Colleague: 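Could you have a look at this structure, given as structure tokens, before my questions?
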2 protein chains.
Amino acid sequence: MGAVKHDVFQAIADPTRRAMLQLLANKNLPISEITAHFPISRTAIVKHLHILSEAQLVQGTKVGREKIYQLHPEPLVEVKDWLSFYEQFWSNKLALLKYQMEKD
Amino acid sequence: MGAVKHDVFQAIADPTRRAMLQLLANKNLPISEITAHFPISRTAIVKHLHILSEAQLVQGTKVGREKIYQLHPEPLVEVKDWLSFYEQFWSNKLALLKYQMEKD
DNA sequence: TTGACATAACACCAAATGGTGTCATATATT
DNA sequence: AATATATGACACCATTTGGTGTTATGTCAA
């Protein structure tokens with residue numbers, strides 16, 4: 001899919017890709033087995049895996065004729081860090097109210 | 001942009017939209033002032049605001065001839081909750097190692 | 001060695017994305 | 001009343017996305 005490098009935020013934007021991460025959280029799996037869990041074609045699965053790879057969220061290793069994919073959750077830290085800025089707003093209803101009133 | 005309802009994950013996938021949220025975190029702003037902060041056209045900004053609105057991340061209120069946009073960070077909790085599942089993996093290097101070895 | 005299996009590599013397609021510009025309308029301002 | 005400002009509503013466009021199917025190649029197993 002193009003020369004564009006996908007980042008973590010784009011990678012997790014698609015529900016199918018999030019489901020794929022969930023699946024790989026339990027077990028490392030080859031493409032064929034991943035495909036068996038979804039109603040879409042193997043080709044489509046491979047494209048999603050490619051996007052997840054670009055975002056460094058999964059890593060594939062060829063073993064014999066299979067390519068085993070493994071979850072690599074570290075890049076999600078970037079999302080967590082981004083979110084932490086907004087936690088101040090929802091973590092405390094009073095803080096939220098204060099913020100709403102003061103900011104303009 | 002179509003009849004599709006955007007969710008939070010799609011909404012935050014775009015860097016411009018994330019920057020818009022950041023901007024609105026400081027102050028409620030009308031469309032014209034939001035536009036002044038970005039190198040793209042007002043039309044493009046309005047489309048991004050529409051996507052953020054669908055995801056309930058911002059809310060616009062018409063005041064006179066202006067439409068003031070306000071941050072509405074609550075839906076980000078969904079992202080936080082989703083992320084919490086993966087925290088087990090990176091929060092602890094030992095747990096990660098254990099997980100890598102045991103899962104297959 | 002002959003299939004069967006797993007993946008790679010294409011070509012193709014409809015729809016969504018992210019952007020542009022123009023024109024109309026409503027509201028301030030002078 | 002005339003003008004400037006702010007937004008709404010379109011029409012348009014190139015590229016990306018998410019999917020399809022087909023064909024080729026490498027590998028395991030009987």
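What you see is a predicted model, and the numbers here were worked out from it, not measured in a lab.
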Colleague: Apply the side-chain contact (heavy atoms from CB on, under 4.5 Å) test between B:Gln70 and each candidate in B:Leu29, B:Leu24, B:Asn28; give the one that qualifies.
Modeller: B:Asn28
Colleague: Output the residues of residues 11-22 of chain A in contact with DNA chain C, where contact means a heavy atom of the residue under 4.0 Å from an atom of the strand; sort by number or write none.
Modeller: none
Colleague: Ignoring backbone atoms, establish whether B:Gln10 has a side-chain N or O less than 4.0 Å from OP1 or OP2 of C:dT17.
Modeller: yes
Colleague: Counting only side-chain N and O atoms of A:His6, is one of them less than 4.0 Å from OP1 or OP2 of D:dT16?
Modeller: no
Colleague: How many Å lie between CZ on A:Phe9 and P on D:dT17, as a whole number?
Modeller: 17 Å
Colleague: side-chain contact (heavy atoms from CB on, under 4.5 Å) with A:Tyr86: which of B:Val79, B:Leu57, B:Leu71?
Modeller: B:Leu71
Colleague: Test side chain to side chain contact (heavy atoms under 4.5 Å, CB included) on A:Ile40 and A:His48; report intermediate values, then the result.
Modeller: CA-CA 11 Å; A:Ile40 59 179; A:His48 284 306; 4.0 Å; yes
Colleague: Taking CD from A:Glu54 and C1' from D:dG18, how many angstroms apart are they, rounded to a whole number?
Modeller: 15 Å
Colleague: Restricting to non-hydrogen atoms, name the atom on A:His37 and the atom on A:Glu33 that form the minimum distance, rounded to 0.1 Å.
Modeller: ND1-O, 2.9 Å
Colleague: Could you tell me how far apart B:Lys47 (NZ) and D:dT7 (P) are, to the nearest whole angstrom?
Modeller: 17 Å
Colleague: Between the side chains of A:Glu87 and B:Lys80, is the shortest nitrogen-to-carboxylate-oxygen separation below 4.0 Å, so that they form an ion pair?
Modeller: yes
Colleague: Ignoring hydrogens and angles, tell me if any N or O in the side chain of A:His72 forms a donor-acceptor pair with the backbone of A:Gln56 under 3.5 Å.
Modeller: yes
Colleague: Heavy atoms from C-beta onward define the side chain here; which of D:dT7, C:dA8, C:dA6 lies closest to that of B:Glu66?
Modeller: D:dT7
Colleague: Please give, in whole Å, the distance from D:dT22 P to A:Arg42 CZ?
Modeller: 13 Å
Colleague: Just how far, in rounded Å, is C1' of D:dG18 from NE2 of A:His50?
Modeller: 15 Å
Colleague: In terms of the angle between their ring planes, are A:Phe85 and A:Phe89 parallel, tilted or perpendicular, with boundaries placed at 30° and 60°?
Modeller: perpendicular
Colleague: Can you name the closest pair of heavy atoms from A:Arg18 and A:Ile12 and give their distance?
Modeller: NH1-O, 2.7 Å
Colleague: Heavy atoms within less than 4.0 Å of DNA chain C: which residues of residues 29-41 of chain A have one? Give them sorted by number.
Modeller: A:Pro30, A:Ile31, A:Ser32
Colleague: Can you tell me how far P of C:dA26 sits from NZ of B:Lys62, to the nearest Å?
Modeller: 9 Å
Colleague: Could you check how far CG of A:Leu49 sits from P of D:dG18, rounded to whole Å?
Modeller: 13 Å
Colleague: Which nucleotide in the list D:dG18, D:dT22, C:dT20 gets nearest to the side chain of A:Thr43?
Modeller: D:dT22
Colleague: Whole angstroms only, please: what is the OH-C1' distance between B:Tyr69 and D:dG8?
Modeller: 11 Å
Colleague: Which atom pair, heavy atoms only, marks the closest approach of A:Tyr69 to A:Ser53?
Modeller: CE2-OG, 3.8 Å
Colleague: Has the side chain of B:Arg65 got a donor or acceptor atom sitting under 3.5 Å from an opposite partner on the base of D:dT5?
Modeller: yes
